[in-house]
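Within every chain, numbering begins at 1; the chains are lettered A, B, ... in the order of the sequence lines, protein sequences first and strands thereafter. Keep in mind the model is a prediction, meaning the values are calculated, not measured. Scope of the values below: all heavy atoms of this structure, side chains included, with no hydrogens, waters or symmetry mates.
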Amino acid sequence: MDNNIQQDVNVLIKRRYEELEELKAKGFEPFAYSFDVDSDSEDIKNNFQEEPKRNVKIAGRIMALRRMGKASFTHLQDQKGRIQVYLRKDDIGEAYDAFKLLDIGDIIGVEGFVFKTKTGEISVHVTSMTLLAKSLRPMPIAKEAVDENGNKIIYDQFADKELRYRQRYVDLIVNPEIKDVFLKRSRIITTIRSFLDAGGYLEVETPILQPLYGGAAARPFITHHNTLDTDLYLRIADELYLKRLIVGGFNGVYEISKDFRNEGMDRTHNPEFTMMEIYVSYKDYNWMMSFVESMIHKVCTEVFGTLEFEFEGQKIIFNTPWQRVSMIDAIKEKTGVDVLTAGANELKAVAKKFGADVEGLESKGKLIDEIFSAAVQPDLIQPTFVIDYPLELSPLAKKHRTKEGVVERFEGYVAGREICNAFSELNDPIDQKSRFEGQVKAREEGDDEAHQIDEDFIRALEYGMPPTAGLGVGIDRLVMLLTNQSSIRDVLFFPQMKPEIKK
RNA sequence: GGGCGCGUAGCUCAGGGGUAGAGCAUCUGCCUUUUAAGCAGAGGGUCGGUGGUUCGAAACCACCCGCGCUCACCA
C-alpha cells in the first residue's frame, strides 16, 4: 500500500501537504480534537426565522468554495445535507488567513448566525471558524445546479463503479444520495429485530467457525486453527446450531448475521451476505407463512410507509395474504406435466423446452428444481409462497403430513426472486439420519454441495426436538427489492472486490 | 470459466499511426451577498501493464491486470 500511496502523490496532493505545513507554521492546528456542535444543515433550513437571529454551531466538510477576495461562500456538508456558509475577513480576522489555505474536502467547524442571502438561500454568517481536519487528497467533486423545475443537476458525477466500491468512503461523500439505501437497510434490519423481539424470540449468537458446515447446499470457505491444528469452515448457514438451541429448550431463537459461501459472484451473490434465521417451537410452516407476511408488512409500513413498491419497473404490492401455490401445481400449470409422476427422461425434455441446462443431471429433484426455476419462477412477481418441495431437495425439512414425495417447505418469491425459505423442521432423528445418508451418497456421486453428515446434530435430535418451524431470510436481497437496487453491491457498503495490486 | 464492452489529467470524458486535448478541480492575480460565481493567466499525463508490428504506437496485434454487463455455476 505504501507504493500505491507514493504513486498517488501528484501535484494536487503535494500542494495540500504544503498547505498543511503552512497552516502549522501559522499556528493553526490542522487536526483538531473536538468541536461542540449544536445544530445541523437540516435543522437550520427547517427552522429558519428572520428575527431574532439564531446563533448556531455546525461542523462539516467543505464541498464547494466561492472566494471573492475578502469574503467567501462555501457549502458545508454534514450528515443531514448541505448548508451554505458565508465568511468575511472583517468578521473572523486572522482565521480568514487559514481559510484561504483550505480546500474542498477539508472539515471545519463554524459558529455564526442564520440569515437569508439576496438570492434567498438560507445560510450561516460565520463569526468564528475552526479547522477540524485537513484533507490531503483531492475530492472527486461534482458541481451541482438546480434547473428551472427545481430538479438537481449534477455535473461530472463521480461514477467509476470500481473506485466507488473500493473507496466507498469517497462515494458516500460525493454521492450522498446513496446513503439513503444504506439508511433504509439499517432501518429494515432494526425493524425486523424489533418485530422479533416483540414476539418474545431470543436473539442469539452461534459459531461462525464450524468443524462441520451444514444447513444449506453450498461450498464453504476453509480456514485453519493453529492451536487446535484443525481445519474449520466458515458457516454457510446458522440452521443446525439454532435447532440445537431449540432442543435445549428455547421456544424461539433467531440470529441476524453473516454467512459465507464460496461460490460465484454476480449481481445477486456476494461471498459474505446477511441472513436472518429464526426457529420457533410448536409451530409449523403454515404458521410461518403468516409470520413472514406480518413481518414484511411491518417492515414495509414502518420503514417505507407503503405496501406498494417499484422494482426494476415492476409494481409490487405487499397485500396480505400472499398468494400460495404448491410447487407441483405451479409447474403443472405452466408445463402441463405432473413432475411427481413423470420419469427422469420426460423431466429432462421439459427442462430443455424451457431453456434449462440439465446436462449431466440425473436427480429427479434437481430436474424439478431446474424446471421450476426456468418455467415458473420468473413469473412470480407479486408476493407468492411456493409450497411443498420435492423431498430430495430438502434434507432438513419434515415430510408432508398428507402428500407423498414432498416436504413441508415454502419459499417466498417477489419479483421473480426468492426472498425466504422455510420448513416444518425435521425432528425425527431416524429420518434425519437417513436423509443425511442420502446426501453422502449424492456427494459420492459428485455433488460437492451435498450436506455433510452431522452426527452431533443427530444426537441432539435423539434427545428430542419439539415440532418447530424455521425460516431464513436473505437480508441483502430483501433490501435490494425494497430499495429498487438491482445489484447486491449497491446494498453492501463494502462489496467483495479483487485486492488492489501492489506494484 | 465463456462472450461482449471499458481503462487517456484528481473527476467526467473527447481523440484513434505523425508535438497529448476539453470542461470541472488545482495554482497566480483582481474581486466583501456568491451559487455550475466571474474575468485574466498558469501548472498538471508512464494514455492500465508487458511484449510485438512500424521510420514513428495512446491508437494496430498478442498476452496480462482491473472493472462493468451477460451466460454458465450458485436450488
Exercise. May A:F73 be described as stacking on the base of B:rA37, applying a 5.5 Å centroid limit and a 30° limit on plane angle?
Worked result: no
For this session: Tell which nucleotide pairs with B:rU46, taking only Watson-Crick or G-U wobble pairs whose two distances are both under 3.5 angstrom.
Result: none
Problem set entry | A:K243/A:D454 salt bridge by N-O under 4.0 Å criterion | no
Problem set entry | Atom pair distance, as rounded to whole Å: CD1 in A:I83 and C1' in B:rU34 | 15 Å
Problem set entry | d(CD1, A:I331; P, B:rA75) in whole Å | 17 Å
Exercise. With sugar-phosphate meaning primed atoms plus P, OP1 and OP2, does A:I153 contact a base, only sugar-phosphate, or nothing at under 4.0 Å between heavy atoms?
Worked result: nothing
Exercise. Does A:K26 pair with A:D97 as a salt bridge, N-O distance under 4.0 Å?
Worked result: no
Problem set entry | Listed nucleotide nearest any side-chain atom of A:E449, set B:rA36, B:rG10, B:rA75 | B:rA75
Problem set entry | Residues forming a side-chain hydrogen bond (donor to acceptor under 3.5 Å, both in side chains) with A:D369, sequence neighbours excluded | none
For this session: Give A:K498 one of three labels, base, sugar-phosphate or nothing, depending on what nucleic acid heavy atoms sit under 4.0 Å from its own.
Result: sugar-phosphate
Exercise. Using purine N1 to pyrimidine N3 plus N6-O4 or O6-N4 for Watson-Crick, or N1-O2 and O6-N3 for G-U wobble, each under 3.5 Å, what pairs with B:rA59?
Worked result: none
For this session: Give the nucleotide from the list B:rC67, B:rA36, B:rA75 with an atom nearest to the side chain of A:R166.
Result: B:rC67
For this session: Name the nucleic acid region contacted by A:F115, choosing base, sugar-phosphate or nothing; use a 4.0 angstrom heavy-atom cut-off, strictly under.
Result: base
For this session: Hunt down the Watson-Crick or G-U wobble partner of B:rG5, both distances under 3.5 Å, from any strand shown, or write none.
Result: B:rC67
Exercise. Has A:E312 got more than 12 heavy atoms of other residues, nucleotides or ligands less than 6.0 Å from its CD?
Worked result: yes
Exercise. What is the per-nucleotide protein-contact pattern of nucleotides 41-47 of chain B, from the 5' end, where B denotes a base atom under 4.0 Å from a protein heavy atom, S denotes such proximity for sugar-phosphate atoms only, and - denotes neither?
Worked result: ---S---
For this session: Report which part of the nucleic acid A:D90 touches: base, sugar-phosphate, or nothing (heavy-atom distance under 4.0 Å, all strands).
Result: base
Exercise. Would you say A:R16 reaches B:rU26's phosphate, i.e. side-chain N/O to OP1/OP2 under 4.0 Å?
Worked result: no
Problem set entry | Donor-acceptor pair (no angle test) under 3.5 Å: A:E121 side chain, B:rU33 base | no
Exercise. Relative to A:F99, does A:R67 satisfy both conditions: NZ or CZ under 6.0 angstrom from the six-membered ring centre, and within 45 degrees of the ring's axis?
Worked result: yes
Problem set entry | Separation of atom CZ in A:F99 from atom C1' in B:rU34, rounded to whole Å | 12 Å
For this session: Answer with base, sugar-phosphate or nothing: what part of the nucleic acid does A:E19 contact at a heavy-atom distance below 4.0 Å?
Result: sugar-phosphate
Exercise. Does a nitrogen or oxygen in the side chain of A:R489 sit under 4.0 Å from OP1 or OP2 of B:rC69?
Worked result: yes
For this session: Mind calculating the distance between OH (A:Y86) and C1' (B:rU33) to the nearest angstrom?
Result: 5 Å
Problem set entry | Ring centre gap for A:Y413 and A:F372 strictly below 6.0 Å | yes
Problem set entry | CA sep, side-chain torsions, deciding dist, call: A:D490, A:Y165, side chain to side chain contact (heavy atoms under 4.5 Å, CB included) | CA-CA 9 Å; A:D490 293 321; A:Y165 295 144; 2.9 Å; yes
Exercise. Just checking A:D160: base, sugar-phosphate only, or nothing, at a heavy-atom cut-off of under 4.0 Å?
Worked result: sugar-phosphate
For this session: Please report, rounded to the nearest Å, how far the P atom of B:rC74 is from the CD atom of A:Q377.
Result: 13 Å
For this session: Tell me what A:S373 touches on the nucleic acid: a base, only sugar-phosphate, or nothing, going by heavy atoms under 4.0 Å.
Result: sugar-phosphate
